[in-house]
Number of protein chains: 2
Amino acid sequence: MARVILFLFFGILLFSCSEKSSSTVKTMEVEKPEYAIVIHGGAGTILKKNMTQENEKAHREAMHTALDIGEAVLKEGGSSLDAVEQSIKFMEDSPLFNAGKGAVFTHAGTNEMDASFMYGKDQNAGAVGGISTIRHPISAARAVLEKSEHVMMAGKGAEDFAKSQGLEVVDPSYFYTERRWKSLQRILNSESDKTELSESDDVDKKHGTVGCVALDKDGNIAAGTSTGGMTNKKFNRIGDSPIIGAGTFADNATCGVSSTGHGEYFIRYTVARDIAALMEYGGKSLKEAGEIIINKKLVEKGGTGGVVALDRNGNIAMPFNTPGMYRGYAKPGERVVKIYKED
Amino acid sequence: MARVILFLFFGILLFSCSEKSSSTVKTMEVEKPEYAIVIHGGAGTILKKNMTQENEKAHREAMHTALDIGEAVLKEGGSSLDAVEQSIKFMEDSPLFNAGKGAVFTHAGTNEMDASFMYGKDQNAGAVGGISTIRHPISAARAVLEKSEHVMMAGKGAEDFAKSQGLEVVDPSYFYTERRWKSLQRILNSESDKTELSESDDVDKKHGTVGCVALDKDGNIAAGTSTGGMTNKKFNRIGDSPIIGAGTFADNATCGVSSTGHGEYFIRYTVARDIAALMEYGGKSLKEAGEIIINKKLVEKGGTGGVVALDRNGNIAMPFNTPGMYRGYAKPGERVVKIYKED
């Protein structure tokens with residue numbers, strides 16, 4: 001009799017367990033998309049009233065193309081690393097964004113680019129600072145991540161490493177664009193020689209950076225960020241874009257983040273890591289953590305900008321505290337591209 | 001009658017409030033020291049059996065002197081910024097430590113130094129990477145913190161800025177020491193040309209960095225870190241020492257931290273910020289947070305090193321997961337200097 005009772009007891013236990021686990025899986029199947037990708041092209045004083053129709057259209061189209069490229073990789077079962085790199089390479093090649101071709105000029109009239117990359121599976125990371133001869137800084141950051149024992153390299157050393165890895169080398173003049181050159185001249189000719197913390201175009205005074213975060217079918221998150229820095233910058237200033245924890249962060253256990261904004265604040269408040277830390281230690285959701293850090297903490301401290309982020313369940317967050325942020329995301333059957341706060 | 005009851009009620013309320021506040025103050029007076037300062041001079045394979053008596057004595061004396069210098073500032077009511085800068089300047093001048101004079105050599109036979117500084121009162125920060133002509137890199141980092149709108153500068157730009165701020169400029173040969181030169185030659189002559197992640201001296205194979213965190217009488221925390229990097233490093237590698245959130249972090253609300261160890265791991269896991277985040281979001285004490293990050297998380301990930309840290313109540317933590325770490329602290333009437341795990 002006792003045995004029968006024991007048998008019944010374990011039977012019920014087993015049944016209730018399998019019920020639970022199947023319902024958990026079911027819930028996840030419904031909620032979690034097969035893949036997800038989110039991008040940004042900079043945040044700042046981007047107002048509809050200052051934007052021509054052509055300019056707005058060009059930015060929206062470029063963001064759609066960047067998402068198309070990354071989504072194609074993910075749809076075919078490619079890695080989040082590839083999706084992020086390919087999307088960002090496209091934005092680096094576009095003169096619309098302050099990264100790669102289209103990078104702003106330093107005080108000395110040069111283009112100095114920064115980029116970083118992080119993989120959520122093993123939290124390996126790579127970053128390059130102040131490079132001028134590598135066509136795709138994001139690929140240099142990925143090479144540091146995958147092919148080097150180091151995380152961060154700067155200047156000529158970073159270029160030498162990128163060359164040794166077979167990356168495309170260009171003459172520094174490749175990065176020249178008339179629009180950015182005029183921006184620098186306008187500042188140099190103005191009374192103030194103050195460094196501009198954002199781009200100086202009248203039409204879109206924004207923090208120039210591009211970034212991408214992706215979740216692939218294997219559940220791995222990757223995040224990358226690339227920038228041309230700030231117009232008229234001096235002293236080989238390094239912003240947050242190549243700083244792991246500030247400009248870029250990825251951890252499969254929580255989320256991936258790419259930042260854009262007033263870099264100094266993003267470094268001091270380790271913004272990308274802070275969003276993940278609020279999830280990890282504070283039990284917040286991605287959406288809650290993003291809101292707290294970008295729209296509360298940073299606003300209180302006076303830091304402007306935003307992030308794009310996604311968590312391991314494919315939830316997307318794109319919080320920013322500026323009038324606009326070039327941003328968008330794609331999931332199976334879902335596509336969003338926005339510019340202004342009210343968009 | 002109602003008025004009398006009301007009067008009595010508020011009287012009792014007032015009394016109980018003043019009781020509470022005076023007891024709180026009393027508790028803090030007992031627990032919180034007037035000031036506190038903690039330093040490190042690197043972590044690694046530092047074993048008593050490999051250390052000569054003279055070498056051990058020299059390191060202990062140097063640490064006592066560094067603490068004396070910082071403590072004198074704090075005792076007189078000076079700021080934590082001054083205490084940290086003065087203590088680290090002494091360690092930079094000492095050839096015993098891998099920072100300033102005594103910095104290790106890069107693959108190219110140069111000395112490239114990094115440093116960072118953060119102030120817990122306003123979380124302002126400054127950092128320099130890859131400089132070769134400024135006698136005190138920690139002072140350059142402080143100048144970036146206090147005199148610049150930027151947080152991080154690299155290479156020649158950082159040196160130009162430091163010069164513009166009147167900091168002492170030296171010929172790169174100033175940083176030459178025979179011991180470090182021989183370390184580089186030994187590696188270059190050996191079969192492997194692998195970068196050494198730690199110093200290559202037989203007597204103390206350690207991660208070379210110096211750092212200091214201080215709490216002043218006004219309750220302000222400052223943290224600083226300075227390093228000569230790694231022997232035989234290539235590609236202008238940047239380690240964790242100039243990275244805010246990795247090598248250095250300070251926030252009056254939680255703690256100040258200075259790291260030493262295998263820098264790549266400290267960057268990927270934003271070690272300094274992570275300890276503060278565990279306190280801020282996870283409700284851990286400084287001691288608990290330090291143990292979790294250094295002796296659990298980092299050990300699981302394979303990262304070696306340690307930190308020195310103090311919280312706003314002057315509690316000290318010096319966790320490390322290597323055989324030894326040059327470390328010590330001072331509070332009113334209290335002084336500790338240690339090297340080995342069992343010390």
Side-chain angles (χ1 to χ4, degrees), chain A residues 106 108 112 118 122-125 127-130 144 148-162 164 194-195 197 230 233-240 242-246 249 251 263-270 272-274 276-284 289 301, chain B residues 106 108 112 118 122-125 127-130 144 148-162 164 194-195 197 230 233-240 242-246 249 251 263-270 272-274 276-284 289 301:
Chain A
T106 67
E112 285 178 11
M118 190 161 185
D122 53 14
Q123 286 193 265
N124 208 341
V128 291
V144 175
S148 147
E149 61 182 340
H150 300 317
V151 165
M152 191 171 185
M153 299 179 185
K156 193 176 172 303
E159 292 177 346
D160 288 346
F161 176 77
S164 77
K194 208 173 170 319
T195 306
L197 291 169
M230 51 168 77
K233 75 171 179 178
K234 297 172 191 168
F235 305 125
N236 301 123
R237 173 254 188 190
I238 290 178
D240 64 316
I243 306 293
I244 297 302
F249 192 77
D251 180 2
E264 277 69 13
Y265 287 85
F266 282 69
I267 297 176
R268 288 162 56 196
Y269 300 106
T270 58
R273 169 62 186 144
D274 224 23
L278 250 181
M279 295 175 69
E280 187 174 350
Y281 305 135
K284 301 291 181 192
K301 306 293 186 184
Chain B
T106 68
E112 284 179 13
M118 190 161 185
D122 53 14
Q123 286 193 266
N124 209 341
V128 291
V144 176
S148 148
E149 60 182 341
H150 300 317
V151 165
M152 191 170 184
M153 299 179 185
K156 192 174 172 304
E159 291 177 345
D160 288 346
F161 177 76
S164 77
K194 209 172 170 316
T195 305
L197 291 169
M230 50 167 78
K233 76 171 178 177
K234 297 172 192 168
F235 304 125
N236 300 124
R237 174 254 188 190
I238 290 179
D240 64 317
I243 307 293
I244 297 302
F249 192 76
D251 180 0
E264 277 69 13
Y265 287 85
F266 282 69
I267 296 177
R268 289 162 55 196
Y269 300 105
T270 59
R273 170 60 187 146
D274 224 23
L278 250 181
M279 295 175 68
E280 187 174 350
Y281 305 136
K284 301 291 181 193
K301 305 293 186 183

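Reminder, nothing fancy here: chain letters follow the sequence lines and each chain counts from 1. All values below come from the heavy atoms of this structure, side chains included, with hydrogens, waters and symmetry mates left out.
For Lys156(A), the salt bridge (Lys or Arg N to Asp or Glu O under 4.0 Å) partners two or more places apart in sequence, or in a different chain, are Asp160(A). The ring pair (Phe, Tyr, Trp, His ring centres under 6.0 Å) check on Tyr269(B) picks up nothing, with sequence neighbours excluded.
Proximity to chain B involves both the backbone and the side chain of Ile238(A), based on heavy atoms less than 4.5 angstrom apart. Interface residue Phe249(B): only side-chain heavy atoms are found under 4.5 Å from chain A. When heavy atoms are compared at a cutoff of 4.5 Å, Glu159(B) does not approach chain A at all. Contact annotation for Asn124(B): both backbone and side-chain heavy atoms come within less than 4.5 Å of a heavy atom of chain A.
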Run the numbers on Asp274(B) and Tyr281(A) for side chain to side chain contact (heavy atoms under 4.5 Å, CB included), then give the verdict.
-> CA-CA 10 Å; Asp274(B) 224 23; Tyr281(A) 305 135; 3.0 Å; yes

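Interface check for chain B: of the options Ala277(A), Ala158(A), Ala154(A), the most heavy-atom pairs under 4.5 Å are formed by Ala154(A).
Using modelled atom types, one side-chain atom of Arg268(B) and one backbone atom of Asp122(A) make a donor-acceptor pair closer than 3.5 Å. Arg237(A) places no side-chain N or O within 3.5 Å of a backbone atom of Glu149(B) that could act as its donor or acceptor partner.
Taking CZ of Phe235(A) as the reference point, atom OG of Ser148(B) lies at 7.5 Å (rounded to 0.5 Å). Here CD of Glu264(B) is found 11.5 Å from CD1 of Ile244(A). Values are rounded to the nearest 0.5 Å.
Considering every non-hydrogen atom in both Ile267(B) and Val151(A), the closest pair reads CG2-CG1, 3.8 Å.
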